[in-house]
Amino acid sequence: MKLPIYKSVLWGLPAVVILSLILYGCPSQQNLASNEEAAQKVYVAPGEYDEFYGFMSGGYSGQMSVYGIPSGRHIYTIPVFSQLATNGYGYNEETKAMLETSYGFVPWGDAHHPELSQTNGVPDGRYIFINENNTPRVAKIDLKSFQTTEILEIPNSGGNHASPFVTQNTEYISAATRFSVPMGEDGDKDVAIDSYEENFKGTLSFIKMQDDGSMKLDFQILVPGFDYDLSHAGKGPSHGWSFFTSYNSEEANTLLEVNASKNDKDFIAAVNWKKAAEYAAQGKGKIMPGEYVRNYIDKEDHIAKTERNSEVRVLDPRELEGMIYYLPTPKSPHGVDVSPDGELIIAGGKLSTVIPVHSFEKMTQAIENEEYEGEIDGIPVLKYDSILAGEVENPGLGPLHTEFDGQGNAYTTAFISSEVVKWSLDTFEVLDRIETYYSPGHLMIPGGDSQKPWGKYLVALNKITKDRYLPTGPELFHSAQLIDISGDKMKLLLDFPTEGEPHYAQGIAADIVMKDQVKFYKLEENNNPYAVKSEEETKVVRDGNEVHVYMTTIRTHFAPDNIEGIKVGDKVYFHLTNLEQDWDVPHGFTVKGANTSELLLMPGETRTMVWEPKRVGVTPFYCTDFCSALHQEMQGYIRVSPADSDVEIAYGTG
């Protein structure tokens with residue numbers, strides 16, 4: 001049933017902004033560090049390393065960016081959901097399959113939330129996961145190589161936003177739908193949009209990390225047709241539970257800024273995933289149709305493969321008790337975060353004037369005592385007062401996300417009043433506030449969502465930059481700001497621009513990740529079927545209209561570097577193997593007229609480019625990565641003859 005207690009009228013946004021200025025005033029410059037102090041704290045001398053890796057989502061770039069903290073230096077871009085011409089990801093034949101979906105080849109994605117793997121509630125440096133919002137997917141990146149090694153599509157979902165948050169020991173990765181959709185339980189998904197309340201449902205998906213490190217969609221939980229926004233898993237005493245914010249409890253389908261903002265309270269969904277996993281293991285629920293793919297880099301030959309699936313196990317709370325409860329939470333909550341001790345569940349109600357803090361202990365007691373206000377689709381709704389630990393007053397306007405320093409303090413972004421607010425986990429009293437430039441969404445403290453935060457720096461991820469950097473026309477990049485939280489008062493140290501639109505970030509001590517880095521691939525372990533491991537093995541083979549060129553690269557030539565007998569209309573596969581076995585000696589390859597990106601090959605690696613010559617003549621190719629003093633000399637020629645030519649295949653290095 002729908003509970004009438006959640007109905008009220010939304011203030012207009014302009015009124016909220018005016019109220020924010022009245023209540024909180026204009027931010028001041030009092031928390032800025034001196035130039036000398038800030039410079040010393042962010043300075044990383046040439047040849048020295050940053051203390052932390054910062055992993056930031058690329059938003060609409062589809063990628064993940066890696067920054068050094070505290071320097072703010074952009075170190076690397078990890079290609080994930082979008083093609084990247086820099087290294088040929090998604091273009092070359094070995095990685096194209098990573099971008100396959102049930103909709104076909106999708107070379108772009110909207111990447112929102114990085115999440116580090118954890119052991120005993122602490123980031124362990126093995127993997128980092130990230131979600132894709134538009135074509136619902138979850139990716140796994142191996143931090144030994146900083147390469148995307150697996151992408152799993154999520155069926156029965158529209159907008160994979162509350163994702164991919166891990167449990168305490170990375171047993172599961174969760175993924176919840178932002179846009180509820182018709183589930184078609186009776187086989188019919190062609191329904192009127194205005195039948196939303198009747199036909200639209202959400203799903204909470206749980207992906208199991210298997211013993212071999214691969215991801216498997218274990219089960220989904222069917223939930224009412226709200227919008228599920230963000231999530232975090234429990235830890236310590238709350239291990240075994242995951243928490244998901246939701247808004248649009250009104251189940252509106254148009255003009256959501258008004259129609260989905262009427263209720264005083266929406267909900268956090270508290271999911272007992274251990275119980276749900278037991279139900280799934282027992283074969284409970286039902287198998288429902290759902291097309292999705294799993295793409296992965298094969299560990300033997302390092303070539304991407306695609307596995308196709310057509311069904312998934314779905315658990316229904318109307319039939320299976322005890323696996324999900326709703327916690328009433330004001331108002332249109334966005335972020336949900338769990339304190340390091342696992343006891344407090346903190347929501348960011350973006351239209352709320354307080355930060356509600358729920359108690360896990362009180363929640364479990366309320367469940368035991370059946371202190372319910374009603375139920376929705378078989379999901380009990382707990383009484384707000386029964387689960388509340390307290391409310392943080394005067395938290396800024398538009399509170400969104402909270403992280404922790406491990407010293408008993410919480411830090412929350414306030415989007416509308418453009419500030420970060422520090423408050424006590426003991427008293428819920430605001431202790432400090434610092435202005436940001438401008439409108440922060442997420443924030444990140446290294447380890448700040450874990451049981452043991454490092455608690456030295458905070459990074460505010462701001463949505464508006466306008467006057468912060470040299471202008472670049474109408475398109476502005478987003479901004480991160482580094483804040484020192486080591487003392488009683490926060491101090492702003494650094495601004496740095498970021499790629500795409502970062503939504504969330506993760507930070508980890510650099511030494512945890514650095515110790516296991518892959519620096520080159522051992523040539524003797526290269527099992528790519530097209531690899532050649534010496535220049536003597538190189539060859540050019542014609543098979544009808546297909547030509548396979550087995551080529552090697554080494555400082556500073558290709559073998560072969562002269563090829564004849566190629567014809568207009570051929571499909572030429574260049575299989576290149578980098579014979580180098582030293583760190584930092586990649587080679588590149590491209591050929592004139594290629595309708596794809598260049599290849600970039602790490603030492604010991606094989607990559608494949610497809611080229612279809614369209615013109616008669618002699619076509620050059622060359623190395624695209626400056627590899628040595630004689631890099632310019634690293635080039636070659638291909639003779640392209642007419643389609644009816646009788647020129648035979650010939651090749652060599654002169």
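In this text the structure is predicted, and so the values were computed from the model without any measurement. Reckoned from all heavy atoms, side chains included, excluding hydrogens, waters and symmetry mates.
- Annotation: ring-ring contact (aromatic ring centres under 6.0 Å, His included) contacts of Tyr172 (sequence neighbours excluded): Phe219, Trp273.
- Partners of Ser597 by side chain to side chain contact (heavy atoms under 4.5 Å, CB included), not counting sequence neighbours, listed by chain and number: Ala85, Tyr91.
- Below 30°, between 30° and 60°, or above 60°: for His503 and His161 the angle between ring planes is above 60°, a perpendicular geometry.
- Remark: Asp511 engages no residue in a salt bridge (Lys or Arg N to Asp or Glu O under 4.0 Å) (not counting sequence neighbours).
- For Phe105, the ring-ring contact (aromatic ring centres under 6.0 Å, His included) criterion is met by no residue, not counting sequence neighbours.
- Look at Arg126 and Asp124 and you find a salt bridge, because one of the NZ, NE, NH1 or NH2 atoms lies within 4.0 Å of a carboxylate O, short of that distance.
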Could you pull out all donor-acceptor pairs under 3.5 Å where a side-chain atom in residues 513-522 meets a protein atom, sequence neighbours excluded?
residue : atom : partner : partner atom : Å
Gln517  : NE2  : Leu143  : O            : 2.7
Gln517  : NE2  : Val513  : O            : 3.2

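- Note on residues 466-499: pairs passing ring-ring contact (aromatic ring centres under 6.0 Å, His included), not counting sequence neighbours, are Tyr67-Phe496.
- Annotation: ring-ring contact (aromatic ring centres under 6.0 Å, His included) contacts of Phe165 (sequence neighbours excluded): His113, His232.
- Note: Phe146 and Tyr53 have tilted aromatic rings, judged against thresholds of 30 and 60 degrees for the angle between ring planes.
- Side-chain contact between Ser238 and Val338 is present, with heavy atoms from C-beta onward closer than 4.5 Å.
- Among residues two or more places apart in sequence or in another chain, the salt bridge (Lys or Arg N to Asp or Glu O under 4.0 Å) test is passed with Glu580 by Arg555.
- Nearest heavy atom pair, residue Gly455 against residue Ile485, reads O-CG1, 3.7 Å.
- For the ring-ring contact (aromatic ring centres under 6.0 Å, His included) test, residues two or more places apart in sequence or in another chain that qualify with Tyr504 are His442.
- Cation-pi geometry between Lys456 and Phe52 is not met: the NZ or CZ atom fails to fall both under 6.0 Å from the ring centre and inside 45° of the normal.
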Could you pull out every donor-acceptor pair under 3.5 Å between side chains of residues 35-48 and any protein atom, sequence neighbours left out?
residue : atom : partner : partner atom : Å
Glu37   : OE2  : Lys491  : NZ           : 3.3
Lys41   : NZ   : Asp484  : OD2          : 2.3

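- In Lys208, the NZ atom is not crowded: 12 or fewer heavy atoms of neighbouring residues, nucleotides or ligands sit closer than 6.0 Å.
- Across all non-hydrogen atoms, the minimal contact from Leu601 to Arg607 is CD2-N, 3.6 Å.
- Qualifying salt bridge (Lys or Arg N to Asp or Glu O under 4.0 Å) partners for Glu100, counting only residues two or more places apart in sequence or in other chains: Arg308.
- Under the side chain to side chain contact (heavy atoms under 4.5 Å, CB included) criterion, Leu630 pairs with Thr556, Ser628, Glu633, not counting sequence neighbours.
- Considering all non-hydrogen atoms of both residues, Gly54 and Met444 come closest at CA-CE, 4.3 Å.
- Relative to the six-membered ring of Tyr438, Lys466 meets both conditions, a distance below 6.0 Å and an angle of at most 45° to the axis.
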